[in-house]
Amino acid sequence: MSNKKIIFATIIILFLSSIFLDYRETLQENPNYQKNWWSASFDDPSGESIAFAIDNHSSAGNFHWEVSLDKKNLISGDVNVANGNRKDIPLNISELGGGKIAVTVTANGNNKEELDKTLVK
Amino acid sequence: MFNFIGNQIIFYLTLGFLLFLPGRFFFLAIFGKSGKFSGVEKFVIYFGLSIISVDFIMLFLGRLHLLLTRVSVIAGVLIFSLAGYVIFRLRQKKKPAEIHEQKNFSFSSRQSVLIILIIFLSIFIRAGYLKNTILPATTDLGHHMYWSKVIAMSGKIPDYSQRNIVQVNGTYTLSGPQNISDFIIGEHLIFAAAGLITGLSFTSYFPITILFIVDVMSLLTLFILALRLFEDHSQGKNIAIIALLLIGPLFALTPPQAKYVGGGVVGNIIGDLLIPLIFYFFFRALKEKDARQLFVMLFLSMGIFYTHHLSGFVFLLSLVVIIPIILLMHAKELGAFLKNWKKIIFSPLIISFVVFAVFFVAVVYTPSYLRNDAVTTVVGNANKSDHVGLTFTQFKFTVGESRDILGIAGILFFLLFASRIYKKKEYQFALLFGWIFIVALVTIKPEWVLINLPSGRFGNYGSYPLAIIGAFGLVQLVSFAKNKKEKHKFFLNKKFFLPAGIFALAFVVISGFYDNAQNSSSTASADASIQQTVQTLQAAQFLSQKIKPADNIVFDHIYVASDSWIKLFFMRGYNFPLYRANLDRYTNGVDKQETCTLDMISDPNSANGQKCFNNLGVDYVLVDQKMDSSQFDKSNNFWKIYSNGEIVIYYRPASDKTNEQ
């Protein structure tokens, strides 16, 4: 009888602990749960397009972006991206000359990410 | 939430199916409904036998060129279990069930409560630590899960190889597949089986949950071993309970416990389950002169060599010490002793095992380290700084200070009782002594036995035998203090003995829990590293969706969190993407024979860095933003195409893609 009690208790404790851990992991792997980060990325990393996307997993909702050519501002804009969402910025600037094109994205006025491509024309 | 619940139901049903069913029927085939085993013993044995059985079933399927799929694995386990049941019924017809009385496995209510409390604490403390590390993040586990995923995706037993960077006629290129000896198939099959049946992602909770369960079962394995070893001792049950205390809740986080679980040190975790189980059957085979016990011991021994050669090595070397001691015990009637064992060894059951083992190794699957002649690499003088041995003090802290001190007390009692042990042929002392002697010797003085293995990892094996020896030492200390003539009086003054006893117990418990506290991580730092892991995995996922078949990637291992998991998003070879390793690996003369992976990240604009990029066709670089972005930012050779605050990815447009992976 004592053996059954020990086995039963072990299975129950182990089972409950494992479920707890499994649930914790599903929360942890969720990029939005208790996280505070966001990303900026080019849609076409190897091509000349400068269309980019913002993936937001932070509390920041308002993003400001600027595109510059050799540090000269070309175009800018604001976009609202809710937590857990992704926003594509489909820029199509075909008549750009050669040089370093930089995309600067700022979240809520302070947190900044930069992307760039150096194009040769 | 419903998705989670559904996955959980499938996952735990799968675990029951894989980690209980085959072992249950294997046991039934060998022992029938024998009363020789208590419930707790069977519970533990089914688990251990199942892990090895699933490995062998999958290897058989692989040899038959059947694809390893959900259906084939389930069918394989069912056919195996059915075969076990048929053998059981056939044997039952010939021979009715044996009835054996249990003499050591029923516990009083207090003992039961104490055992359950210890188990509860053991699990609770581990789970408390693992709640911050359950997200797959560690290097070792990433490597292992790559191979498990290879099995699940290809349906085949993998060929452990990778393509390395070599220089041919002044040009860097990728070699053909070169063998890897670090991995053993048994470390990956059980995860592959669980992944195949459940369909869960390999970058999810299930690998660490399986390791967590294996670790907890290894505690119970040690418990049943201690019970059997001391079944004739008047305090046998107390020794086993104290052993459970010393291995369970105390030092619960330090390696080889929760840290190895969270760290994904798969081989050691499974090895620490199998070694005590093998010794369990070894001891019973010796004591009961039972061919069936020997058969299961041999089956599990074979299994350990298909799972983790280091653990197998510990067991094999221990036998080198244990067997001569046992022969010495029987020196006076050696002829009769050997004759008796000759009968057992040449019994049909053992001969059939030998035939099976030879067939399996020769025809079904030869472990990779035998094919690669890797055994020779562990023999000789140390070739790495962590192979040179630990000092005694380091060893003491590796196995747990109080556990070590109690263990020394236990060994002193062995010596004190040596004459009685010799006369009464008490095998348990030979077994425990041989086990700890080898672990201590190889850990502290590897040069004496010319063993070239990581000393710390070897030392960790000591905590298991020391838990039993320490428990014996503690019980014996208390017994020793008693006056044998007047049962309830003490040698020492009772007024002194009681506080001294409380002090000793407090030292052991506090030392164990202090160690737990030292190894805990703060929630804030855990949250930060969890986010870093998620950022790495998200960056890897982004890249995996963007690259073309001809593209090549290099990433950094030094600063990028959870980097070993990146390759699971590509599944294009163990060495894809290429990576910059820890810096000492480029200079120790053993690990890295090239500097391309170093130069492409540390000095990407140097002549050699550029040559490596061109020769190897590397287009993408994934690095830590704070530590490694400046050398890329200031160069026009690289485009920054992804940035998430932790990870940046660069694209190099001018790569010469002549060496595709």
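Quick note on labels: first sequence line is chain A, next is B, and so on, each numbered from 1. Heavy-atom basis, side chains included; hydrogens, waters and symmetry copies ignored.
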Begin with the C-alpha distance, continue with both residues' side-chain angles, and end with the deciding distance and a verdict on side chain to side chain contact (heavy atoms under 4.5 Å, CB included) for A/Trp37 and B/Gln538.
CA-CA 11 Å; A/Trp37 67 283; B/Gln538 293 280 321; 3.6 Å; yes
Check residues 120-127 of chain B and write down every donor-acceptor pair under 3.5 Å in which the side-chain atom is one partner and the other belongs to a residue at least two apart or another chain.
| residue | atom | partner | partner atom | Å |
| --- | --- | --- | --- | --- |
| B/Ser122 | OG | B/Ile118 | O | 2.6 |
| B/Arg126 | NE | B/Asp215 | OD2 | 2.8 |
| B/Arg126 | NH1 | B/Ser122 | O | 3.0 |
| B/Arg126 | NH1 | B/Gly248 | O | 2.8 |
| B/Arg126 | NH2 | B/Ile247 | O | 3.3 |
| B/Arg126 | NH2 | B/Gly248 | O | 3.3 |
| B/Arg126 | NH2 | B/Gln257 | OE1 | 2.6 |

Checking B/Leu220 against chain A: side chain, backbone, both or neither under 4.5 Å from a heavy atom?
side chain
I'd like to know which of A/Asn30, A/Ile12, A/Leu14, A/Asp44 tops the heavy-atom pair count under 4.5 Å against chain B.
A/Leu14
Does B/Asp619 form a side chain to side chain contact (heavy atoms under 4.5 Å, CB included) with A/Ser46? I'd like the steps, not just the answer.
CA-CA 9 Å; B/Asp619 316 90; A/Ser46 56; over 6 Å; no
Quick one: does A/Ser41's side chain have a donor or acceptor within less than 3.5 Å of a partner on B/Tyr642's backbone?
no
Identify which of A/Glu113, A/His57, A/Arg24 forms the greatest number of heavy-atom pairs closer than 4.5 Å to chain B.
A/Glu113
Name all pairs fulfilling the salt bridge (charged side-chain N to carboxylate O under 4.0 Å, His left out) condition that reach into residues 9-22 of chain A, sequence neighbours left out, sorted by first residue then second.
none
Donor-acceptor contact below 3.5 Å, side chain B/Lys546 vs main chain A/Asp43:
yes
A/Phe52 portion near chain B, given a 4.5 angstrom heavy-atom threshold
neither
Which is it for A/Leu115 and B/Ile641 under the side chain to side chain contact (heavy atoms under 4.5 Å, CB included) test, yes or no, and what are the steps along the way?
CA-CA 6 Å; A/Leu115 306 173; B/Ile641 55 139; 5.7 Å; no
Just do the side chain to side chain contact (heavy atoms under 4.5 Å, CB included) check on B/Tyr205 and A/Thr26 with the steps written out, would you?
CA-CA 7 Å; B/Tyr205 52 77; A/Thr26 56; 3.9 Å; yes
